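Structure, as structure tokens:
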Amino acid sequence: MKKKWMAAALTLLVGASIVSGTGGAMAKEKQKDIVNVAHRGASGYAPEHTLVSYEMGEKLKGDYIEIDLQMTKDGQLIAMHDETLDRTTNGTGLVKDFTLDQIKELDAGSWFNETYPQYAKASYEGLTVPTLEEVFQKFGKNEFYYIETKSPEVYPGMEEELLRLVEKYGIDKDKLLVQSFSAESLEKMHGLDDSVKLVQLLWYTADAVITDEEIEEIKDYAIGVGPNYSFIDKEYVQKVTASGLEIHPYTVNDKETMKTLIDWGVTGIFTNFPGLLHEVKKGK
């Protein structure tokens with residue numbers, strides 16, 4: 001009887017260790033699968049939305065180059081977060097009121113040295129604002145791009161121009177994601193080319209709740225959602241992923257929060273410091 005009890009106990013211990021080992025392996029695999037989005041490039045270390053920032057994002061193991069789009073007076077798509085030039089260049093005024101040539105004369109790097117002296121480099125002075133076309137030319141058709149249509153209501157034709165450049169440069173649509181806060185812009189993109197994968201950005205100012213109806217509406221045109229991380233919780237994340245949607249919260253710049261979100265089940269994370277997320281994915 002004693003031998004049978006010992007054998008049973010041993011079996012339980014072995015079984016538990018196998019399950020535990022499998023669980024650990026699964027957790028590690030889950031970490032590896034997390035999409036690492038270099039937010040505005042490696043914008044924690046270099047001036048956002050410059051070719052230098054995008055290059056650094058790649059070196060720091062970001063999976064995607066994230067590009068915000070604005071449109072110039074003469075219809076050129078440029079990489080810039082704000083509708084105004086004031087914060088990230090030495091210019092002032094609305095992007096839509098300036099031609100590309102005028103914007104190209106601006107310094108898009110010195111502001112970073114002044115704002116983040118701990119990461120300042122002389123080489124950042126005089127950096128220029130890149131066009132989307134220049135980004136495609138620099139990084140090629142097989143790069144992973146995560147592109148946002150910013151303020152599309154301000155820029156009629158933004159979606160058509162984006163798709164024109166995607167086609168012109170033969171961008172691999174399997175490696176392309178397009179996001180927006182504007183459901184109208186995404187629905188328009190879906191109507192123009194339903195092979196482009198879309199992500200609905202969401203902004204919360206209190207505890208995040210997403211209804212079944214909202215999820216179903218989003219699933220009509222998008223493959224995922226991108227909420228600000230501050231107000232989401234495990235229940236929110238699991239409800240989204242259970243529906244089949246991806247979830248890529250933004251913008252997370254510390255390891256502990258990254259680990260928590262991964263434990264909750266997010267499928268991607270936006271960060272200004274892609275190297276940190278890469279370390280978390282490696283179990284560091």
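Keep in mind it's a predicted model, so treat the numbers as computed, not measured.
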Heavy-atom pair of closest approach, residues [X] and [Y]:
X    : Y    : answer
G57  : A42  : N-CB, 3.6 Å
S110 : G126 : OG-N, 4.1 Å
G140 : I171 : O-CD1, 4.1 Å

Any chance you could measure [X], atom [atom1], to [Y], atom [atom2], to the nearest 0.5 Å?
X    : Y    : atom1 : atom2 : value
I269 : D63  : CD1   : CG    : 11.0 Å
Y221 : D194 : OH    : CG    : 15.0 Å
I223 : H248 : CD1   : NE2   : 6.0 Å
I262 : I34  : CD1   : CD1   : 5.0 Å
D68  : I78  : CG    : CD1   : 11.0 Å
I67  : T131 : CD1   : OG1   : 10.0 Å

_Pairwise side chain to side chain donor-acceptor pair (under 3.5 Å) hits with a residue in residues 161-171, at least two apart_ = E133-K168, E133-Y169, Q137-Y169, E161-R164, E167-K173
_Listing request: all side chain to side chain donor-acceptor pair (under 3.5 Å) pairs with a residue in residues 93-105, at least two apart in sequence or in separate chains._
T99-Q102, K104-E134
Do [X] and [Y] come close enough that some side-chain heavy atom pair is under 4.5 Å?
X    : Y    : answer
E216 : K219 : yes
V95  : L85  : yes
L276 : V280 : no
L132 : I147 : yes

Per-pair distances, 0.1 Å, donor-acceptor, side chain in residues 239-247, under 3.5 Å, sequence neighbours excluded:
residue, atom, partner, partner atom, Å
K239, NZ, I210, O, 3.0
K239, NZ, D212, OD1, 3.4
T241, OG1, V237, O, 3.2
T241, OG1, Q238, O, 3.3
S243, OG, V240, O, 2.5
S243, OG, L245, N, 3.4
E246, OE1, T267, OG1, 2.9

Can [Y] be reached from [X] by stepping across I, L, V, M, F, W or Y side chains whose heavy atoms are under 4.5 Å apart?
X    : Y    : result
V154 : M80  : yes
M56  : Y119 : yes
L106 : L94  : no
V209 : W264 : no

*For Y250, the option from L201, L202, N272, T271 that meets side-chain contact (heavy atoms from CB on, under 4.5 Å)*: L201
*Modelled atom types, side-chain donor and acceptor of H278 and N36, under 3.5 Å*: no
_K61 NZ: over 12 foreign heavy atoms closer than 6.0 Å_ = no
*Decide if atom NZ of K121 counts as having more than 12 heavy atoms of other residues, nucleotides or ligands within a radius under 6.0 Å.*
no
_My understanding is that only residues two or more places apart in sequence, or in another chain, count here; which of them pass side-chain contact (heavy atoms from CB on, under 4.5 Å) with T211?_
E213, E214
*Of all residues at least two apart in sequence or in a different chain, which pass the side-chain contact (heavy atoms from CB on, under 4.5 Å) check with A222?*
L198, I218
*Using the ring pair (Phe, Tyr, Trp, His ring centres under 6.0 Å) rule, collect all pairs that involve residues 91-113, keeping only residues at least two apart or in two chains.*
F112-Y116, F112-Y124
Can any side-chain N or O of [X] pair as donor or acceptor with the backbone N or O of [Y] at less than 3.5 Å?
X    : Y    : result
S180 : E148 : no
E66  : R40  : yes
D107 : N90  : no

*Take V252 and L277, measure what side chain to side chain contact (heavy atoms under 4.5 Å, CB included) needs, and give me the verdict at the end.*
CA-CA 9 Å; V252 187; L277 181 52; over 6 Å; no
*Is the Y145-F139 ring centre distance short of 6.0 angstrom?*
no
Please enumerate all residues that pass ring-ring contact (aromatic ring centres under 6.0 Å, His included) together with [X], with sequence neighbours excluded.
X    : result
H39  : none
Y155 : none
Y64  : F144, Y146

_Using the side chain to side chain donor-acceptor pair (under 3.5 Å) definition, which of the options H81, Q70, Q179 pairs with K150?_
H81
*For side chain to side chain contact (heavy atoms under 4.5 Å, CB included), just list the numbers for K141 and D172, CA-CA rounded to whole Å, side-chain angles, deciding distance to a tenth of an Å, and then say yes or no.*
CA-CA 6 Å; K141 64 182 181 179; D172 185 345; 5.8 Å; no
Show the atom names and distances, to 0.1 Å, of all donor-acceptor pairs under 3.5 Å that link a side chain in residues 181-189 to residues at least two apart or in another chain.
residue, atom, partner, partner atom, Å
S182, OG, E184, N, 3.4
S182, OG, E184, OE1, 3.4
S182, OG, S185, N, 3.0
S185, OG, T149, OG1, 3.0
S185, OG, E159, OE2, 2.6
K188, NZ, E159, OE1, 3.3
K188, NZ, E160, OE1, 3.2
K188, NZ, E160, OE2, 3.2

Distance-only check: which donor-acceptor pairs under 3.5 Å involve side-chain atoms of residues 229-236, not counting sequence neighbours?
residue, atom, partner, partner atom, Å
D233, OD1, E235, N, 3.3
D233, OD1, Y236, N, 2.8
Y236, OH, Y204, OH, 2.7

_Let's go through T88 and T50 carefully: what are the C-alpha distance in whole Å and the side-chain angles of both, what is the deciding distance for side chain to side chain contact (heavy atoms under 4.5 Å, CB included) to 0.1 Å, and is it a yes or a no?_
CA-CA 10 Å; T88 57; T50 59; over 6 Å; no
*With a 4.0 Å cut-off, would you call K138 and E143 a salt bridge?*
no
*Which pairs, with at least one residue in residues 71-88 and sequence neighbours excluded, count as a salt bridge (Lys or Arg N to Asp or Glu O under 4.0 Å)?*
E48-R87, D82-R87
